[in-house]
Participant: 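Please see the structure below; I have some questions.
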Amino acid sequence: SPLKWKKQLRERLKQHLGYPDPDIVNFNIRSLWKKKVEHGTIEKFVFASEPFSDVPAYLCIPKHAKPPYKTMICLGGHSKEGMLLSIGGDPDGPHIAVKGDRDYALQCLKNGFAALCIEQRGFGERSEPSVNGRQPCYQPVNRALMLGRTLVGERIFDVKRAIEYLYTRSDIDFSCLGIMG
């Protein structure tokens, strides 16, 4: 049946990615701050993805749209700024010039979309010091491999947990949920 092969494929993909299978933990959400910006509000918070792994995030809510909000999950890439690029820099500091239109969350707000920006493992606030001049992903990649996982699998798991967090909210339109980064 069509559903059977999809389920089998999904399980094999999870196995090959070294996808985490941890005990599910409560989100234990901790709000750090909330700021008004030109096109809405940005709240910085932290949620638990799995035991001993917290995910910093920004939830951006547009002021020119009504709930439930069309929503994008924004993933920053390889940079020391990480998810900070999505909101154009520290809201209390100067706006940083973001090359390549990577201020995803600000663009979402301007266009009436909510945005959830999560800090991926090995980037931004979750980056680790370089070892012997190697890339910052070197340590997280090797740690994941020693646990029988991959860093890609762990990052995908964090996105899954972010989506599960969004499902706890009543102001999100799940018929229009996307991801970019």
Participant: Output, in order, the C-alpha distance, side-chain angles, deciding distance and verdict of side chain to side chain contact (heavy atoms under 4.5 Å, CB included) for F123 and R155.
Facilitator: CA-CA 11 Å; F123 297 149; R155 288 177 177 162; 3.4 Å; yes
Participant: Can you name the closest pair of heavy atoms from A162 and I118 and give their distance?
Facilitator: CB-CG2, 3.9 Å
Participant: Show the numbers, then the answer: is there a salt bridge (Lys or Arg N to Asp or Glu O under 4.0 Å) between K44 and E119?
Facilitator: CA-CA 11 Å; K44 183 174 184 181; E119 195 75 272; over 6 Å; no
Participant: Is V37 linked to L116 within one hydrophobic cluster, defined over Ile, Leu, Val, Met, Phe, Trp and Tyr using a side-chain heavy-atom separation of less than 4.5 Å?
Facilitator: no
Participant: Determine the minimum heavy-atom distance between F113 and C176, stating which atoms define it.
Facilitator: CE2-SG, 4.1 Å
Participant: Tell me the closest heavy-atom pair linking M83 and C117, and the distance in Å.
Facilitator: SD-O, 3.7 Å
Participant: Would you name the heavy atoms of R121 and S49 that are closest together and state the gap between them?
Facilitator: NH2-OG, 4.0 Å
Participant: Can you get from I172 to I29 by hopping between Ile, Leu, Val, Met, Phe, Trp and Tyr side chains that sit under 4.5 Å apart?
Facilitator: yes
Participant: Minimum heavy-atom separation for I87 to A105, with atom names?
Facilitator: CG2-CB, 4.0 Å
Participant: Does atom CG (N26) have a neighbourhood of more than 12 heavy atoms from anything else shown, all under 6.0 Å?
Facilitator: no
Participant: Does atom CZ (R30) have a neighbourhood of more than 12 heavy atoms from anything else shown, all under 6.0 Å?
Facilitator: yes
Participant: For a 4.5 angstrom cut-off between non-hydrogen side-chain atoms, does T168 reach F27?
Facilitator: yes
Participant: Test of understanding: clusters of I, L, V, M, F, W, Y form through side-chain heavy atoms closer than 4.5 Å, transitively. Do V55 and L75 belong to the same one?
Facilitator: yes
Participant: Checking side chain to side chain contact (heavy atoms under 4.5 Å, CB included) for the pair M180/C74: CA distance, chi angles, key distance, verdict?
Facilitator: CA-CA 5 Å; M180 66 176 145; C74 303; 3.9 Å; yes
Participant: Can you tell which of R161, R149, R126, K160 makes a salt bridge (Lys or Arg N to Asp or Glu O under 4.0 Å) with E154?
Facilitator: R149
Participant: Report yes or no: is the cationic atom of K35 (NZ for Lys, CZ for Arg) closer than 6.0 Å to the six-membered ring centre of W33, at no more than 45° off its axis?
Facilitator: yes
Participant: Between E50 (side chain) and V25 (backbone), is there a donor-acceptor pair under 3.5 Å?
Facilitator: no
Participant: From R12 CZ over to H16 NE2, what is the distance, rounded to the nearest 0.5 angstrom?
Facilitator: 4.0 Å
Participant: With a 4.5 Å heavy-atom cut-off, do L59 and Y165 have their side chains touching?
Facilitator: yes
Participant: Atom CD1 in I179, atom CD1 in I163: separation rounded to 0.5 Å?
Facilitator: 6.0 Å
Participant: Are D171 and Y69 close enough that some pair of their side-chain heavy atoms sits under 4.5 Å apart?
Facilitator: yes
Participant: For residues L17 and L13, determine if any side-chain heavy atom of one lies less than 4.5 Å from a side-chain heavy atom of the other.
Facilitator: yes
Participant: Would you say the side-chain atoms of Q107 and D103 include a donor-acceptor pair closer than 3.5 Å?
Facilitator: yes
Participant: Using ring pair (Phe, Tyr, Trp, His ring centres under 6.0 Å) as the criterion, list what pairs up with F157, not counting sequence neighbours.
Facilitator: Y19
Participant: For a 4.5 angstrom cut-off between non-hydrogen side-chain atoms, does T41 reach K63?
Facilitator: no
Participant: Return the CD to CG distance between E164 and D158, rounded to the nearest 0.5 Å.
Facilitator: 11.0 Å
Participant: Which pair of heavy atoms, one from R169 and one from F174, lies closest together, and at what distance?
Facilitator: O-CE1, 4.3 Å
Participant: Calculate, to the nearest 0.5 Å, the distance between atoms SG and CD1 belonging to C108 and I73 respectively.
Facilitator: 11.0 Å
Participant: According to a hydrophobic-cluster definition based on side-chain heavy atoms being under 4.5 Å apart (Ile, Leu, Val, Met, Phe, Trp, Tyr only), do Y104 and L177 belong together?
Facilitator: no
Participant: Just how far is it from atom NZ of K7 to atom NZ of K4, taken to the nearest 0.5 Å?
Facilitator: 10.5 Å
Participant: In Å, rounded to the nearest 0.5 Å, how long is the span from CD of E81 to OG of S127?
Facilitator: 10.0 Å
Participant: Does one hydrophobic cluster hold both L166 and I42, with members joined at side-chain heavy-atom distances below 4.5 Å?
Facilitator: no
